[in-house]
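One structure is given here, and the rest of the page talks about it.
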Amino acid sequence: MKTNKFFLVAAVVCSTVFTSCTKEDNPAPQPVKKVIGFENATLNADGFWIGEAKGNSYVYPDDWGGKTTTYTDNKYEEAGVTFPVTYNLYESAYGSSDFWSGMAISCRTATTFNSNTLTPDQYNNITGMAHSGKNFCVVQTYGESIKLNGATVKGFWYTCSAYTVNSILNGDNYSGAAFDNTDWFKCVLYPTPMEGDGGARFEIDLAKDGNYVKEWKYCDLSNVAAFKNIKEISFGFEGSRSNDYGVLTPAYICIDDIEVE
């Protein structure tokens with residue numbers, strides 16, 4: 001009897017197909033870790049970025065003929081993660097000035113702060129450098145949050161703002177005298193899951209027991225379930241120098257090299 005060559009070839013092909021499609025031969029794709037270092041940001045001549053006067057805005061007039069225009073579309077994006085910053089421009093017959101909240105980006109190397117040079121000194125960190133590369137992020141928020149769109153945060157590096165340290169060591173007109181051994185200051189992270197309301201909090205001590213963070217330190221979140229598959233991270237600040245309106249110590253933290261999957 002003649003053998004049907006087409007049937008033999010088809011049988012071999014089918015056998016190959018079925019035996020190659022196993023979990024062992026085709027494992028599920030593993031998450032890819034990315035490190036966000038803020039190196040793609042375009043900074044100004046003084047070495048920082050706080051947004052600009054563009055996009056959607058709203059205006060607040062004051063009683064002295066001036067007005068503040070708030071621009072809400074500014075953001076830095078890297079690895080699918082969004083870092084918003086709110087840029088504000090105040091204008092009056094006597095001149096203009098700008099201010100911000102959210103996530104600024106800096107490459108400044110100074111480590112000191114002077115209230116007479118609030119800008120640019122508020123963009124200095126206490127180490128005088130980024131954790132890696134040149135740029136780092138300065139966080140000072142009034143409701144802005146990092147948008148992660150379902151990513152998992154494995155960890156990041158952090159240190160103190162020079163503005164915060166100046167208040168800790170020397171005191172200021174808002175928080176009073178320099179810190180003593182009973183004073184403390186911390187940043188609190190609030191992760192929001194993709195589904196549900198969350199409610200978790202994670203604390204980072206920036207000053208306590210007569211000491212403060214002087215170098216870049218690693219915040220390990222790899223085993224913290226609340227930072228898996230999250231929509232956003234909000235920031236809060238708490239401290240011993242507070243009143244009914246909130247913390248009086250300059251509410252800043254500097255972060256760099258955020259690890260996400």
Side-chain angles (χ1 to χ4, degrees), residues 30-52 73-87 100-111 113 119-141 144-165 187-192 202 204-206 213-224 226-235 237 251-261:
Q30 297 299 308
V32 176
K33 185 172 77 171
K34 300 177 182 179
V35 179
I36 299 172
F38 306 99
E39 297 301 308
N40 300 327
T42 300
L43 311 183
N44 63 20
D46 289 319
F48 64 88
W49 172 85
I50 57 171
E52 55 189 298
D73 286 345
N74 286 283
K75 58 188 176 181
Y76 173 78
E77 295 179 300
E78 185 177 347
V81 178
T82 300
F83 301 83
V85 63
T86 302
Y87 177 78
W100 66 287
S101 62
M103 292 82 190
I105 299 173
S106 173
C107 70
R108 291 182 55 78
T109 57
T111 61
F113 175 84
T119 299
D121 284 5
Q122 63 180 305
Y123 310 109
N124 301 344
N125 78 56
I126 196 60
T127 74
M129 63 183 72
H131 174 255
S132 69
K134 294 182 177 180
N135 296 349
F136 58 93
C137 180
V138 184
V139 179
Q140 183 247 160
T141 71
E144 299 89 350
S145 58
I146 298 175
K147 310 296 184 183
L148 288 124
N149 303 311
T152 291
V153 180
K154 307 295 287 184
F156 61 91
W157 293 82
Y158 69 93
T159 194
C160 278
S161 160
Y163 191 2
T164 301
V165 172
C187 176
V188 183
L189 308 180
Y190 298 95
T192 301
F202 187 90
I204 299 173
D205 289 317
L206 295 175
V213 173
K214 301 178 177 68
E215 66 284 322
W216 285 102
K217 299 185 70 173
Y218 186 64
C219 177
D220 187 356
L221 301 172
S222 59
N223 294 318
V224 183
F227 288 88
K228 296 180 179 179
N229 190 33
I230 57 176
K231 180 166 65 175
E232 61 187 3
I233 297 176
S234 301
F235 291 77
F237 294 88
Y252 290 63
I253 186 172
C254 299
I255 62 175
D256 199 6
D257 290 339
I258 304 172
E259 300 169 0
V260 298
E261 287 183 349

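Taking CD1 of I253 as the reference point, atom CG of L189 lies at 7.0 Å (rounded to 0.5 Å). Rounding to the nearest 0.5 Å gives a distance of 10.5 Å between OG1 of T82 and CE of M103. Atom NZ of K134 and atom OG of S106 lie 13.0 Å apart (nearest 0.5 Å). Rounding to the nearest 0.5 angstrom, the gap separating the CG atom in N74 from the OH atom in Y87 is 9.0 Å. Interatomic distance, CD1 of I146 versus CD1 of I255, reported as 4.5 Å (0.5 Å rounding). In this structure, CD1 in I258 is found 6.5 Å from SG in C137, a value given to the nearest 0.5 Å.
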Carefully, step by step, assess V213 and I126 under the rule side chain to side chain contact (heavy atoms under 4.5 Å, CB included). CA-CA 9 Å; V213 173; I126 196 60; 5.9 Å; no
Carefully, step by step, assess W100 and V138 under the rule side chain to side chain contact (heavy atoms under 4.5 Å, CB included). CA-CA 11 Å; W100 66 287; V138 184; 4.1 Å; yes
With side chain to side chain contact (heavy atoms under 4.5 Å, CB included) as the test, would you mind laying out the steps for L206 and C187 before giving the verdict? CA-CA 7 Å; L206 295 175; C187 176; 4.2 Å; yes
CA sep, side-chain torsions, deciding dist, call: F113, V165, side chain to side chain contact (heavy atoms under 4.5 Å, CB included): CA-CA 8 Å; F113 175 84; V165 172; over 6 Å; no
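Aromatic pair F83/W49: centroids not less than 6.0 angstrom apart.
Ring geometry for F38 against Y76 counts as tilted: the plane angle lies between 30° and 60°, on a 0 to 90° scale.
Taking both residues in full, the closest heavy atoms of G80 and N149 are given as O-ND2, 3.4 Å, listed atom of the first, atom of the second, then distance. When all heavy atoms of A226 and P191 are compared, the closest pair comes out as O-CB, 3.4 Å. The shortest non-hydrogen separation linking F202 to C219 is CE2-SG, 3.5 Å. Summarising the geometry of W216 relative to A130, their closest heavy-atom pair is NE1-C, 3.5 Å, with the distance given to 0.1 Å. Nearest heavy-atom pair across L221 and V153 is CB-O, 3.7 Å.
Not a single donor-acceptor pair under 3.5 Å links the side chain of N124 to the backbone N or O of G128. Side chain of E232 to main chain of E144: no donor-acceptor pair is present (N/O by atom type, distance under 3.5 Å, no hydrogens or angles).
Shown here are the side-chain contact (heavy atoms from CB on, under 4.5 Å) partners of N44, two or more places apart in sequence or in another chain: D46, F48. By the salt bridge (charged side-chain N to carboxylate O under 4.0 Å, His left out) test, E52 pairs with K54, sequence neighbours left out. With sequence neighbours left out, K214 forms a salt bridge (charged side-chain N to carboxylate O under 4.0 Å, His left out) with no residue at all. With sequence neighbours left out, E261 forms a salt bridge (charged side-chain N to carboxylate O under 4.0 Å, His left out) with no residue at all.
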Donor-acceptor contacts under 3.5 Å from residues 154-163 side chains, at least two apart:
from	atom 1	to	atom 2	distance (Å)
T159	OG1	E215	O	2.9
S161	OG	Y163	N	3.0

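With H131 as the partner, the side-chain hydrogen bond (donor to acceptor under 3.5 Å, both in side chains) test is satisfied by one option alone out of D256, D257, N125: D257. Each of V35, T152, L148 was checked for a side-chain contact (heavy atoms from CB on, under 4.5 Å) with V260, and the lone residue meeting it is L148.
Among pairs with a residue in residues 73-87, those fulfilling salt bridge (charged side-chain N to carboxylate O under 4.0 Å, His left out) read K75-E77, at least two apart in sequence or across chains.
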